[in-house]
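Reviewing the structure listed below.
The basis for the numbers below is simple: all heavy atoms, side chains too, and nothing from hydrogens, waters or symmetry mates. Computed from a prediction, not measured in an experiment: that's the story for all the values here.
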Amino acid sequence: MGNLCRKPKDNRQSIGFDNLENHTGNTGDHWSSQMDKYAGRHTVETSHPAIHSEAVNCLARIQPGFCLSGSKDQTLCLYNYCTNKLEDKWTGHEKEVTKICYGTFCQSIFSASRDKSINMWKRNTPNPVQQFKGHDLVVTALDINKDNTMLCSGSRDNTVKLWDVESGTSLTENNIHRNLVTDVKFVPESNLIVQTGEDKEVRLFDTRSLNVVHSFQRKQYIQTCCDVSPDGVYCLTCSNGFGGNGCEATLWDLRSRSIVHEYKDHTEAIDSCVFLPYHGTNLIATASRDFSVKIWDRDSKACICECVISGSGPLTSILCYGEPCIIVSSFNLGIQHLRFSLQNQTLIKEGSF
């Protein structure tokens with residue numbers, strides 16, 4: 001296990017798994033070739049066989065053109081949504097997969113499950129190459145730091161844990177009464193982790209000690225998820241709710257440690273949110289149990305566009321690589337591929353898999 005997470009020696013290693021189809025060794029060239037498919041094209045929705053047999057709980061970024069997913073069917077899938085090809089599939093958890101993340105440098109997938117465990121997977125290797133065990137209840141949150149040396153997890157056992165990726169051992173933990181963890185994210189270029197929970201609090205932990213260094217003002221509803229801007233300045237969290245009460249996204253300034261904006265237009269709980277990385281624009285995206293995906297202007301709070309996916313059931317997770325591709329997972333309709341145009345301010349269903 002000693003060499004699982006060595007840093008890459010070349011550019012090929014730094015952008016994803018080896019031997020991915022259409023992989024050119026240059027992220028920009030690869031993405032440009034995929035973007036060309038959309039130039040001047042009319043929308044034609046195409047559906048492909050579902051890659052999961054049950055609800056899809058979580059998605060993770062790997063590189064443009066590819067989607068990692070975890071499901072209630074206990075499997076993880078790697079799918080190329082440009083060529084519509086299932087690249088790999090892993091089975092090994094005893095219960096449903098709840099969260100996944102990808103380590104760029106160690107080229108590994110990490111999956112959390114209701115079976116209380118975290119597994120580490122490699123391409124073309126059917127069994128886990130590492131396991132992280134120590135939580136007493138379902139693992140509900142998972143993230144990996146920038147250099148892929150530490151993994152952070154959270155659970156309904158009220159515990160946040162830090163793990164050494166290479167050895168699989170627990171480094172430290174923090175157990176807070178009634179802190180049923182819903183999500184965690186490392187803050188870039190800092191020693192901080194953001195954590196949301198069912199106690200309605202948003203906390204900042206110091207990665208060196210895992211002590212809480214700040215608790216933001218408590219929200220009215222359960223905080224379901226979080227994301228951090230690439231520059232580490234802002235945090236986005238979302239809330240539970242119903243009938244339009246709650247169901248909001250909140251933008252926090254991590255420097256002044258205060259609320260900047262609230263985004264209110266969903267009618268049911270928001271289960272996933274992301275900063276949308278598109279040519280430096282200040283956009284965010286949210287996915288809700290009201291079957292809708294919304295794109296927001298971060299600074300004006302305006303909802304630029306939305307897409308309602310009828311029959312999808314609750315939308316569970318969202319990932320964005322930039323215009324035009326947004327991928328969202330659902331309870332009933334697998335994974336949906338949406339096409340976003342900032343110029344036209346449209347968000348249109350492209351297909352599903």
| request: Could you tell me whether the side chain of Glu201 reaches within less than 4.5 Å of the side chain of Asn179, counting heavy atoms only? | output: no
| field | Under 3.5 Å donor-acceptor, Ser155 side chain and Val138 backbone | value | yes
| Same apolar cluster (I L V M F W Y, side chains within < 4.5 Å links), Leu192/Leu210 | no
| request: Could you grab the distance from atom CG of Asn145 to atom CE of Met150, nearest 0.5 Å is fine? | output: 4.5 Å
| query | Are any of the side-chain heavy atoms of Val228 and Phe186 separated by less than 4.5 Å? | reply | no
| message | When you compare the side chain of Glu87 with that of Lys85, does any pair of heavy atoms fall below 4.5 Å? | response | yes
| request: Give a yes or no on this: more than 12 heavy atoms of other residues, nucleotides or ligands lie within 6.0 Å of atom CD of Glu262. | output: yes
| field | Interatomic distance, Leu151 atom CG to Phe110 atom CZ [nearest 0.5 angstrom] | value | 5.5 Å
| query | What is the minimum heavy-atom distance between Ser330 and Leu315, and which atoms define it? | reply | CB-CD2, 3.8 Å
| task | Mind listing the closest non-hydrogen atom pair of Ala55 and Ser71 along with its distance? | result | O-OG, 2.8 Å
| said: When you group the ILVMFWY residues by side-chain heavy-atom contacts below 4.5 Å and let the links chain together, are Ile109 and Ile327 in the same group? | reply: yes
| said: Could you walk me through whether Thr224 and Cys238 satisfy the side chain to side chain contact (heavy atoms under 4.5 Å, CB included) test, starting with their C-alpha distance in whole Å, then the side-chain angles of each, then the deciding distance to 0.1 Å, before giving a yes or no? | reply: CA-CA 6 Å; Thr224 58; Cys238 293; 3.9 Å; yes
| said: Please check: side-chain N/O of Ser113 versus main-chain N/O of Lys95, any donor-acceptor pairing under 3.5 Å? | reply: yes
| So do the side chains of Thr149 and Val165 get within less than 4.5 Å of each other, counting heavy atoms only? | no
| Backbone N or O of Cys106 within a donor-acceptor pair of the Ser108 side chain at under 3.5 Å? | yes
| query | Should Val274 and Phe340 be counted in the same cluster of Ile, Leu, Val, Met, Phe, Trp and Tyr side chains packed under 4.5 Å apart? | reply | yes
| request: Keeping the roles fixed (side chain from Thr169, backbone from Asp164), state whether a donor-acceptor pair exists under 3.5 Å. | output: no
| With side chains defined as the heavy atoms from C-beta onward, is the minimum distance between Trp296 and Asp265 less than 4.5 Å? | yes
| Considering all heavy atoms of both residues, which atom of Ala112 and which atom of Val139 are nearest to each other, and what is their separation? | CB-CG1, 3.5 Å
| request: Find the distance between CG (Asn332) and OG (Ser310) and round it off to the nearest 0.5 Å. | output: 12.0 Å
| When rounded to the nearest 0.5 angstrom, what distance separates SG in Cys325 from CG in Leu338? | 9.5 Å
| query | Is the side chain of Asn57 donor-acceptor paired with the backbone N or O of Val97 at a distance under 3.5 Å, no angle test? | reply | yes
| request: Without swapping roles, check the side chain of Ser272 against the backbone of Ile318 for a donor-acceptor pair under 3.5 Å. | output: yes
| message | Check whether Thr207 reaches the backbone of Ile193 with its side chain - one donor and one acceptor, N or O, closer than 3.5 Å. | response | no
| query | Val184 versus Val194: any side-chain heavy-atom pair under 4.5 Å? | reply | no
| message | Taking Ile100 as the starting point, is it possible to reach Tyr79 by hopping between hydrophobic residues whose side chains are less than 4.5 Å apart? | response | yes
| message | Just by distance, no angles: are the side chains of Asp290 and Ser288 close enough, under 3.5 Å, to form a donor-acceptor pair? | response | yes
| Heavy atoms of other groups near Gln131 CD, more than 12 under 6.0 Å | yes
| Pairwise side-chain contact, Val202 with Cys226, heavy-atom cut-off 4.5 Å (strictly under) | no
| Is the backbone of Gln223 close enough, under 3.5 Å, to the side chain of Ser239 for a donor and an acceptor to pair up by distance? | no
| query | Yes or no on side chain to side chain contact (heavy atoms under 4.5 Å, CB included) for Ile62 and Tyr321, after CA distance, side-chain angles and deciding distance? | reply | CA-CA 10 Å; Ile62 174 169; Tyr321 289 112; 3.8 Å; yes
| said: Run the side chain to side chain contact (heavy atoms under 4.5 Å, CB included) test on Leu86 and Phe353 for me, step by step, so that the C-alpha distance in whole Å, both residues' side-chain angles and the decisive distance to 0.1 Å come before the verdict. | reply: CA-CA 10 Å; Leu86 180 62; Phe353 52 90; over 6 Å; no
| query | Just by distance, with hydrogens left out, do Thr250 and Lys219 show a side-chain donor and acceptor under 3.5 Å apart? | reply | yes
| Do the ring planes of Trp90 and Trp121 sit parallel (below 30°), tilted (30 to 60°) or perpendicular (above 60°)? | tilted
| query | Are the side chain of His261 and the backbone N or O of Asp299 linked by a donor-acceptor pair below 3.5 Å? | reply | yes
| said: So, taking the atom named CD1 in Ile304 and the one named CD in Gln345, what distance separates them when rounded to the nearest 0.5 Å? | reply: 5.5 Å
| said: Whether the Thr196 and Thr182 side chains hold a donor-acceptor pair (N or O, under 3.5 Å, no angle test) is what I'd like checked. | reply: yes
| query | Are Asp206 and Ser209 close enough that a side-chain donor and a side-chain acceptor fall under 3.5 Å? | reply | no
| message | Whether the Thr75 and His52 side chains hold a donor-acceptor pair (N or O, under 3.5 Å, no angle test) is what I'd like checked. | response | yes
| remark: Between Leu342 and the options Ile295, Leu283, Leu276, the side-chain contact (heavy atoms from CB on, under 4.5 Å) test singles out Leu283
| Heavy-atom closest contact (Asp183 atom, Cys225 atom, distance) | OD2-CA, 3.5 Å
| request: With sequence neighbours excluded, tell me which residues meet salt bridge (Lys or Arg N to Asp or Glu O under 4.0 Å) with Arg289. | output: Asp271
| query | Given Ile176 and Asn158, is the side chain to side chain contact (heavy atoms under 4.5 Å, CB included) satisfied, shown in steps? | reply | CA-CA 6 Å; Ile176 300 172; Asn158 305 324; 5.7 Å; no
| Between Asp157 and Lys116, is the closest basic N to carboxylate O distance under 4.0 Å? | no
| task | Please work out which of the three classes, parallel, tilted or perpendicular, describes the rings of Phe216 and Trp252, given edges at 30° and 60°. | result | tilted
| query | In terms of hydrophobic clusters joined by side-chain contacts under 4.5 Å, are Tyr263 and Ile259 together? | reply | no
| Where do Ile270 and Cys247 come nearest, in terms of heavy atoms and distance? | CD1-O, 3.4 Å
| task | Grab the two heavy atoms, one from Trp163 and one from Gly134, that are nearest each other, plus how far apart they are. | result | CH2-N, 3.9 Å
| Quick one: NZ on Lys200 to CZ on Arg178, what's the gap to the nearest 0.5 Å? | 11.0 Å
| Quick one: does Thr172's side chain have a donor or acceptor within less than 3.5 Å of a partner on Leu162's backbone? | no
| message | Between Arg123 and Asp88, does any side-chain N to carboxylate O distance fall below 4.0 Å? | response | yes
| Should Lys146 and Pro188 count as side-chain neighbours, where that means a heavy-atom distance under 4.5 Å? | no
| task | Measure centre to centre between the rings of Phe275 and Tyr234, then say whether the value is under 6.0 Å. | result | no
| request: Please check if any side-chain donor atom of Ser352 sits under 3.5 Å from a side-chain acceptor atom of Ser47, or the reverse. | output: yes
| Crowded around Phe331 CZ? As in, over 12 foreign heavy atoms under 6.0 Å? | no
